[in-house]
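Counting starts at 1 for both ligands and their atoms, in listed order. Below, each value reflects all heavy atoms present in this structure, side chains not excepted, and no hydrogens, waters or symmetry copies.
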Amino acid sequence: MKRRPLWPFGSDTRICVSLGEPNTVALREQFDHLEGADLVEIRLDALDTLRDLTRETLTDLVMNSPVPVGFTLRPMWQDGGFDGDELDRRRFLEEAAISGAAFIDVELDAEWAADFLDDAQCPVVASHHWNSARPADLSQKVERIGKLAPSMAKLVATAQVPSDSLPLLSAGEQLIMSGQPATCFCMGEAGKASRLLAAGQGAALVYAATSVGNEVAAGQWSLRELVDEFQMNRWQQGTRLCGLIGHPISHSLSPAIFNAVIQEQGLDVAYIPIAGGDLDAALDLASEMDFQGLSVTMPFKDEIALRSTRQDDLVATVGAANTVVFENDGFVAYNTDGSALVDALATVRPVERARIAVVGAGGAGRAGASALVAAGADVTIVNRTEARAKEAAELCSCSGGGLQQLEVDVFDIIVNATPVGMRGTPLAESTPFPPKWLSGREVVLDMVYQPPNTPLLRQAIERGCTTIQGLEMFIRQAAAQYRLLLGDPDVEPLRAMRNAAEHLLTNELSSHDD
Ligand code: NAP
């Protein structure tokens, strides 16, 4: 076997932006958006003008890109856009290889792959993509990579659930440990976490999109997310892992605010969101990859409490958890929503002996009510479904009733613990109860924090109430999670978390204004 060109980009994980544009003008426009990228992969099969592409055009692209350029011409039999002859495809790639390319991507199953590698004028990535999860022939592909010894190996399956990534991550680990530069992960929403986990394993490349919405393959992170939010270049083998499970979580602020504190403190930790609606699969991935613990959000808060091996007092009372910490044979479940609500209210007035209505009898309402009772408040849970309020009230040792109780009884504090008013939902412009029921003397806290000023808070301000945004509770529950997950009692994460959350919410608001 001939000696192959070595992978020239070292053993650190590099960010490679994938570009799939219809023409060279559009490609060159994208070159202005590569700040933070180490390399760029041009998907020649996305071009409308492939037949007219000359060596000069390819060289021109290479010369004008701010970062080294690799070329891929994915055939239809690997779900690409090229439907021509294999000999033509090989000729295009040979031209690309002598145009100054940083690498050429060649499919492992191309009949001419071994010859191409033998004659290669530049590094070659040997790749295989499956549009299914858990491919039966994964080990054969790993074996073939061992025989071909390409400059870099890329194996990609498509995850249906997060744990589908485990075989690919294990293959990646095996290749990397054997000295073969490689990147192995899963595509798809459920595979998003594996792209980050591969980076933590020492994968040669993580493929990124120039921006959200510009993904060339399903599940790609944007360049900004990898560079600014995750600061992925700090990760190495042995970096401690924790993260977030829930569904959907693509709009969660938790990754941004956790990573902001992790960066501020210079910790060797990665906080990774695991997307997907299958709780078992998310837990499998997290425990197999040795996560220390997880933040847990909807819809898993009740189910995770049931599965925990141990629970804190609040979880045992209300049956809902928002944090888990892994231990030998399972995990401990905690709930930080309750103390966060008490602390957020205490910034405005003492809760002891205050008459407080908690609107909503779900996990957050129950946790908040129980913690307020423990803090000495006189609590009533009111809910659209009265029977559910009564059940929750029994658990939390307080009163319970229908929403109308807000009209007749007098409360010092009213807490919204329903999703009514949340941006992006059909109830975004609604309030959980008629605002005319407010006297103007109440303190009103809305647990909904997107948008920061919900319809309920706007109406409460108009009526003269003191208001507290949901963000105040959100950053406090996250700060308490941070201490549980990372066990660092000396760090005060609130300021960094608040800054990161406010920055994101402001940017989101302005992008919504566009
Ligand atoms: P959940 O378990 O699904 O409970 C939702 C509650 O809202 C239920 O009692 C439900 O009433 C009620 N509800 C739903 N739609 C309603 C409507 N259209 N009108 C009146 N009531 C309605 O949710 P959760 O986990 O408790 O969370 C509730 C909210 O708090 C969510 O928006 C969540 O994002 C937010 N939250 C914020 C923080 C924070 O830190 N700021 C922390 C935790 C949660 P029924 O019983 O009648 O269905």
Which residue supplies the protein heavy atom nearest to atom 30 (O) of ligand 1, what is that atom called, and how far is it?
Met447 CB, 3.7 Å

Report the nearest protein non-hydrogen atom to atom 46 (O) of ligand 1: residue, atom name, distance rounded to 0.1 Å.
Arg388 NH1, 2.6 Å

For the student: nearest non-hydrogen atoms of Arg195 and Val206, plus distance
O-CG2, 3.8 Å

How does Thr418 reach ligand 1, if at all, at less than 4.0 Å between non-hydrogen atoms: by side chain, backbone, both, or neither?
both

If you measure from the Lys or Arg side-chain nitrogens to the Asp or Glu carboxylate oxygens, is any gap between Arg483 and Glu492 under 4.0 Å?
yes

Looking only at heavy atoms, is any part of Pro299 under 4.0 Å from ligand 1, and if so is it the side chain, the backbone, or both, or is it neither?
neither

Nearest-0.5 Å distance that lies between atom CG in Asp343 and atom CG in Leu494:
9.0 Å

Between Val216 and Ser18, which heavy-atom pair has the shortest distance, and what is it?
CG2-O, 3.4 Å

Any idea which atoms of ligand 1 are less than 4.0 Å away from a heavy-atom of Met422?
32 (O), 34 (O)

Pairing of Arg307 and Asp280 as salt bridge, 4.0 angstrom limit:
yes

Nearest neighbour in protein (non-hydrogen) for atom 5 (C) of ligand 1
Pro419 CD, 3.9 Å

Any side-chain donor-acceptor pair under 3.5 Å between Gln236 and Asp268?
yes

Of Val318, Asn322, Asn383, which has the heavy atom at the shortest distance from atom 11 (O) of ligand 1?
Asn383

Any donor-acceptor pair under 3.5 Å linking the side chain of Gln263 with the backbone of Ala260?
no

Using the six-membered ring wherever Trp is involved, compare the ring planes of Trp130 and His128 and label them parallel, tilted or perpendicular (cut-offs 30° and 60°).
perpendicular

Does Lys301 pair with Asp337 as a salt bridge, N-O distance under 4.0 Å?
yes

Run down the list Gly470, Ala344, Ala320, Gly362 and name the one with the heavy atom closest to atom 4 (O) of ligand 1.
Gly362

Using a 4.0 Å heavy-atom cut-off, which part of Arg366 comes near ligand 1: side chain, backbone, both, or neither?
neither

Checking heavy atoms under 4.0 Å, the part of Met473 that sits near ligand 1 is both

Where the side chain of Ser194 meets the backbone of Cys186, is there a donor-acceptor pair that is under 3.5 Å apart?
yes

With heavy atoms only and a cut-off of under 4.0 Å, state how Phe474 meets ligand 1: side chain, backbone, both or neither.
both

Of all the heavy atoms in Ala340, does at least one lie under 4.0 Å from an atom in ligand 1?
no

Identify whether the distance between the nearest side-chain nitrogen and carboxylate oxygen of Arg458 and Glu462 falls below 4.0 Å.
no

Below 4.0 Å, non-hydrogen atoms only: which portion of Arg476 touches ligand 1? Side chain, backbone, both or neither.
neither

Atoms of ligand 1, numbered as shown, that sit under 4.0 Å from any heavy atom of Val420
16 (C), 17 (C), 18 (N), 19 (N)

Could you check atom 25 (O) of ligand 1 against the protein and tell me its nearest heavy-atom contact, residue, atom and distance included?
Met298 SD, 3.5 Å

If you compare Thr431, Leu427, Leu445 by their heavy atoms, the one closest to atom 18 (N) of ligand 1 turns out to be Leu427

May I ask you to list the atoms of ligand 1 that are less than 4.0 angstrom from any heavy atom of Asp337?
42 (C), 43 (C)

